[in-house]
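Every heavy atom of this structure was used, including side-chain atoms; hydrogens, water molecules and symmetry mates were not. Note that this is a predicted model, so its numbers are computed, not measured.
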Amino acid sequence: MPPPLPVATIRTVVPVPLRLAGGYATAARVFSFDGLADGQEHIAFGLGDRAAPVTSAAGRRVPLVRPHSECLTGDVFGSERCDCGPQLREAVERIAGTGGYLLYLRQEGRGIGLYAKLDAYALQDAGLDTYEANLALGHREDERSYLVAAQMLQALAVSRVVVLSNNPDKVRGLRRFGVTVTARVPTGVHLSAANARYLATKARRGAHALDLPLSAG
Ligand SMILES: [Zn+2]
């Protein structure tokens, strides 16, 4: 049995209508929390049937949940050095279609922070891959933790989830903190000329379940 989680509670719930680039629109409920272990301002988006207040838990499907790590450059500005922006957008649409939660985790650059991520980009341009660059900067390959994600789910009264991700680490991370993951469904591969090397490295080094057309660009 995993140790009991530090208890987090829902702090506020507010409806936020979303309209993504391209015009896709959906309703969301945005949750903030008290008691998250690292003191950061992580938020959850309830989408689809979870965008409405719970009236009865009966008959609801196990929610589709994506733990999405913040990427300012990709999520907000459409950086093509990674695939975070398209992944986030796909996740919102797919979760809205099935019902579930997007957990927006404030762990930029695999947990090393925004400035360090930009430093790592500079090292990558000098020939290191994304993992080697993190190590060269004195960070671990991946410093993310899914403790706060598990706390958020507990506060949302969700104990069983289907995870939307290509990254088996996210499943292991949630299970480690007591979340029952009934299945993992992959996201699409968002390949561009600029992120091809990044995605190939992710597939090779991070054991991501990506099926990359290796001859592409
Ligand atoms: Zn990114």
Which is it for Glu143 and Arg110 under the salt bridge (Lys or Arg N to Asp or Glu O under 4.0 Å) test, yes or no, and what are the steps along the way? CA-CA 6 Å; Glu143 299 193 355; Arg110 296 200 182 93; over 6 Å; no
Exercise: identify the closest heavy-atom pair between [X] and [Y]:
| X | Y | answer |
| --- | --- | --- |
| Asn166 | Gln87 | ND2-NE2, 3.9 Å |
| Phe31 | Gly46 | CE1-N, 4.1 Å |
| Arg184 | Val171 | CD-CG2, 3.6 Å |
| Thr26 | Ala96 | OG1-CB, 3.6 Å |
| Ala44 | Leu156 | CB-CD1, 4.1 Å |
| Ala91 | Arg66 | CB-CD, 3.2 Å |

So if you build clusters from Ile, Leu, Val, Met, Phe, Trp, Tyr with side-chain heavy-atom gaps below 4.5 Å, do [X] and [Y] land together?
| X | Y | result |
| --- | --- | --- |
| Phe177 | Leu153 | no |
| Val65 | Ile10 | yes |
| Val30 | Leu18 | yes |
| Val16 | Leu47 | yes |

When you check the gap from the basic side-chain N to the acidic O, do Arg81 and Asp125 get nearer than 4.0 Å? yes
So side-chain hydrogen bond (donor to acceptor under 3.5 Å, both in side chains) across residues 146-156, not counting sequence neighbours, yields none
Let me confirm one number: the [atom1]-[atom2] distance from [X] to [Y], rounded to the nearest 0.5 Å.
| X | Y | atom1 | atom2 | value |
| --- | --- | --- | --- | --- |
| Ile112 | Leu137 | CD1 | CG | 6.0 Å |
| Met152 | Ile43 | CE | CD1 | 7.5 Å |
| Asp75 | Leu88 | CG | CG | 5.0 Å |
| Thr73 | Tyr121 | OG1 | OH | 4.0 Å |
| Leu72 | Phe77 | CG | CZ | 5.0 Å |
| Leu147 | Asp38 | CG | CG | 7.5 Å |

Determine whether a donor-acceptor pair (N or O, by modelled atom type, separation under 3.5 Å) exists between the side chain of [X] and the backbone of [Y].
| X | Y | answer |
| --- | --- | --- |
| Arg106 | Glu41 | yes |
| Gln107 | Ser145 | yes |
| His42 | Leu105 | no |
| Arg19 | Gly23 | yes |

Would you list the pairs meeting salt bridge (Lys or Arg N to Asp or Glu O under 4.0 Å) in which at least one residue belongs to residues 153-168, sequence neighbours left out? none
With salt bridge (Lys or Arg N to Asp or Glu O under 4.0 Å) as the rule and sequence neighbours excluded, what pairs involving residues 2-14 come up? Arg11-Asp34
Under the side chain to side chain contact (heavy atoms under 4.5 Å, CB included) criterion, do Arg144 and Asn167 qualify, and how do the steps go? CA-CA 12 Å; Arg144 289 177 290 187; Asn167 185 353; 3.6 Å; yes
Go through the side-chain N and O atoms of Ser32 and Thr12 and say whether any donor and acceptor fall under 3.5 Å apart. yes
Hey, which of Leu36, Leu103, Leu5 is the one that makes side-chain contact (heavy atoms from CB on, under 4.5 Å) with Val148? Leu36
Result for side-chain contact (heavy atoms from CB on, under 4.5 Å) between Leu64 and one of Val163, Leu102, Leu164 points to Leu164
Whether Tyr104 and Phe45 hold their rings parallel, tilted or perpendicular, with breakpoints at 30° and 60°: perpendicular
